[in-house]
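Computed over heavy atoms, backbone and side chain alike; hydrogens, waters and symmetry mates excluded. Please read all numbers here as calculations on a predicted model, not as lab measurements.
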Amino acid sequence: MPDAEFRDLVTVKIVAFLREIGLEVRTAEIGAETVLPGIDVDHGAILIDESKLTYPGDLLHEAGHVAVTPAEKRKRLGGDVGKKASEEMMAIAWSYAAAVHLGLDLRILFHSGGYKGWSESLIENFTQRRYFGVPMLQWVGLTADEKRAKELSVPSYPRMIRWVLD
């Protein structure tokens, strides 16, 4: 049965996944302008104002930023959480893995309203297995590329070893 907090079924599916992996997600009225419409981060919790949420796939992107932040820093996260290029690449790679895991159409994640006009390029690159951000996710122990996955006897990216950095 869908979560009564949200009407959109994609949002319901994403929120259930985020909570399942241990991220805090709450509904909120967001009055101020945010980086992604209808989404904010407060002390590591992902806040959602569904009335302002333009693209549900943005939840995965923002969750990627939260998930790849070490636990001791996560509780201090707020507002614009992706200021460094390395963090942005990790969040994109993480969100792609999450979209694949959830069986979402990549246009939900890499929608035409975001990614500074590079949505189609991102879809093409990731579907052609031209990944970026994976070495950083591997460095922190969240996933493994094909070579390292064989050495560790774990599935390779886009499958994840774990979803949240502790």
A.B. asks: State yes or no: do W139 and I92 share one hydrophobic cluster built from I, L, V, M, F, W and Y residues joined by side-chain heavy-atom distances below 4.5 Å, directly or via other members?
C.D. replies: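 Linked within one cluster.
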A.B. asks: Could you state the interatomic distance from OH (Y96) to CG (L122), rounded to the nearest 0.5 Å?
C.D. replies: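 With rounding to 0.5 Å, OH (Y96) is 11.5 Å from CG (L122).
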A.B. asks: Can you give me the closest heavy-atom contact between V100 and P158, atom names plus distance?
C.D. replies: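 That would be CG1-CG, 4.2 Å.
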A.B. asks: Could you check whether E33 pairs with K52 (Lys NZ or Arg NE/NH1/NH2 to Asp/Glu carboxylate O, under 4.0 Å)?
C.D. replies: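 Salt bridge absent between E33 and K52.
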A.B. asks: Check whether any side-chain N or O of D42 sits under 3.5 Å from a backbone N or O of G78 as a donor-acceptor pair, and report yes or no.
C.D. replies: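 Between the backbone of G78 and the side chain of D42 there is no qualifying donor-acceptor contact (under 3.5 Å).
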A.B. asks: Is there a continuous path of hydrophobic side-chain contacts, each under 4.5 Å between heavy atoms, that joins W118 to V134?
C.D. replies: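 No, it is not one cluster - the side chains of W118 and V134 are not joined through contacts under 4.5 Å.
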A.B. asks: Can you confirm whether more than 12 heavy atoms, excluding those of E29, are under 6.0 Å from its CD atom?
C.D. replies: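 At most 12 heavy atoms, drawn from other residues, nucleotides or ligands, come within 6.0 Å of this atom.
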A.B. asks: Might you work through the side-chain contact (heavy atoms from CB on, under 4.5 Å) test for V140 and V68, ending with a clear yes or no?
C.D. replies: CA-CA 8 Å; V140 297; V68 302; 5.7 Å; no
A.B. asks: How long is the gap from CD1 on I161 to CZ on R148, to the nearest 0.5 Å?
C.D. replies: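 Answer for the CD1-CZ pair, I161 versus R148, is 8.5 Å.
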A.B. asks: Count I, L, V, M, F, W, Y as connected when their side-chain heavy atoms are under 4.5 Å apart, and connections chain through other members. Are L165 and L152 then in the same cluster?
C.D. replies: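 Different hydrophobic clusters.
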A.B. asks: Any side-chain to backbone donor/acceptor pair from R19 onto E24? Under 3.5 Å, distance only.
C.D. replies: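 Checked: no pair found.
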A.B. asks: Between I14 and P56, which heavy-atom pair has the shortest distance, and what is it?
C.D. replies: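 Scanning both residues, the minimum pair turns out to be CD1-O, 3.5 Å.
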A.B. asks: Look only at the side chain of Y157 and the backbone of A93, and say whether a donor-acceptor pair between them is shorter than 3.5 Å.
C.D. replies: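 Yes: the side chain of Y157 pairs with the backbone of A93.
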A.B. asks: To the nearest 0.5 Å, tell me how far F110 CZ sits from Y55 OH.
C.D. replies: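 Taking CZ in F110 and OH in Y55, the distance rounds to 15.0 Å.
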A.B. asks: Apply side-chain contact (heavy atoms from CB on, under 4.5 Å) to V15 and F6, showing your working.
C.D. replies: CA-CA 9 Å; V15 168; F6 303 103; 3.8 Å; yes
A.B. asks: Say whether, by atom type as modelled, one donor and one acceptor occur between the side chain of S119 and the main chain of Y115 under 3.5 angstrom.
C.D. replies: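 Side chain of S119 to backbone of Y115, a donor-acceptor pair under 3.5 Å: no, none is there.
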A.B. asks: Please evaluate residues L59 and L53 with respect to the criterion side-chain contact (heavy atoms from CB on, under 4.5 Å), reporting the C-alpha separation (whole Å), side-chain torsions for both, the decisive distance (0.1 Å), and the verdict.
C.D. replies: CA-CA 9 Å; L59 291 167; L53 181 63; 4.0 Å; yes
A.B. asks: Is there a donor-acceptor contact under 3.5 Å from the side chain of R26 to the main chain of I48?
C.D. replies: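 No, R26 side chain to I48 backbone: no donor-acceptor pair under 3.5 Å.
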A.B. asks: Minimum heavy-atom separation for P37 to T54, with atom names?
C.D. replies: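 For P37 and T54, the tightest heavy-atom pair comes out as CB-OG1, 3.4 Å.
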A.B. asks: Angle between ring planes, W94 versus W163, binned at 30° and 60°: parallel, tilted or perpendicular?
C.D. replies: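 The rings of W94 and W163 stand perpendicular, inter-plane angle above 60°.
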A.B. asks: So, taking the atom named CD1 in I46 and the one named OG1 in T27, what distance separates them when rounded to the nearest 0.5 Å?
C.D. replies: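 Output value for this atom pair is 13.5 Å.
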A.B. asks: Identify the two heavy atoms, one from Q138 and one from D145, that lie closest to each other, and give their separation to 0.1 Å.
C.D. replies: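 The answer is OE1-N, 2.6 Å.
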A.B. asks: For A63 and L18, work out which heavy atoms get closest and say how close.
C.D. replies: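 Taking A63 first and L18 second, the nearest heavy atoms are CB-CD2, 3.4 Å.
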A.B. asks: To the nearest 0.5 Å, tell me how far I39 CD1 sits from I30 CD1.
C.D. replies: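 I39 atom CD1 to I30 atom CD1 measures 7.5 Å (nearest 0.5 Å).
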A.B. asks: Is D8 reaching over with its side chain to a backbone N or O of T11, donor-acceptor style, under 3.5 angstrom?
C.D. replies: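 Confirmed, D8 side chain pairs with T11 backbone.
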A.B. asks: Where the side chain of T143 meets the backbone of R159, is there a donor-acceptor pair that is under 3.5 Å apart?
C.D. replies: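 At least one qualifying donor-acceptor pair exists.
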A.B. asks: Counting only N and O atoms by type, is there a donor-acceptor contact under 3.5 Å from the side chain of T69 to the main-chain atoms of H65?
C.D. replies: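 Yes.
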A.B. asks: Any chance you could lay out the side-chain contact (heavy atoms from CB on, under 4.5 Å) test for M160 and H101, step after step, and finish with the verdict?
C.D. replies: CA-CA 9 Å; M160 301 292 278; H101 175 78; over 6 Å; no
A.B. asks: Give a yes or no answer on whether the side chain of H61 reaches the backbone of G64 with a donor-acceptor pair at less than 3.5 Å.
C.D. replies: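 It does not hold such a pair.
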A.B. asks: From D58 CG over to S95 OG, what is the distance, rounded to the nearest 0.5 angstrom?
C.D. replies: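 One gets 9.5 Å once the value is rounded to the nearest 0.5 Å.
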A.B. asks: Which atom names give the shortest non-hydrogen contact between A144 and A149, and what distance separates them?
C.D. replies: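 For A144 and A149, the tightest heavy-atom pair comes out as CB-N, 3.7 Å.
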A.B. asks: Is it the case that one hydrophobic cluster holds both V154 and I21, taking links as side-chain heavy atoms less than 4.5 Å apart, direct or via other members?
C.D. replies: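 No; tracing contacts between hydrophobic side chains, which count when under 4.5 Å, never links both residues.
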A.B. asks: Linking I/L/V/M/F/W/Y whenever their side-chain heavy atoms sit closer than 4.5 Å, directly or via other members, would V35 and L47 fall into one cluster?
C.D. replies: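 No.
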A.B. asks: Would you say the side-chain atoms of T127 pair up with the backbone N or O of E124, donor to acceptor, closer than 3.5 Å?
C.D. replies: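 Answer holds: yes.
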A.B. asks: Do R7 and E50 touch side chain to side chain, with heavy atoms closer than 4.5 Å?
C.D. replies: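 Touching, per the 4.5 Å side-chain cut-off.
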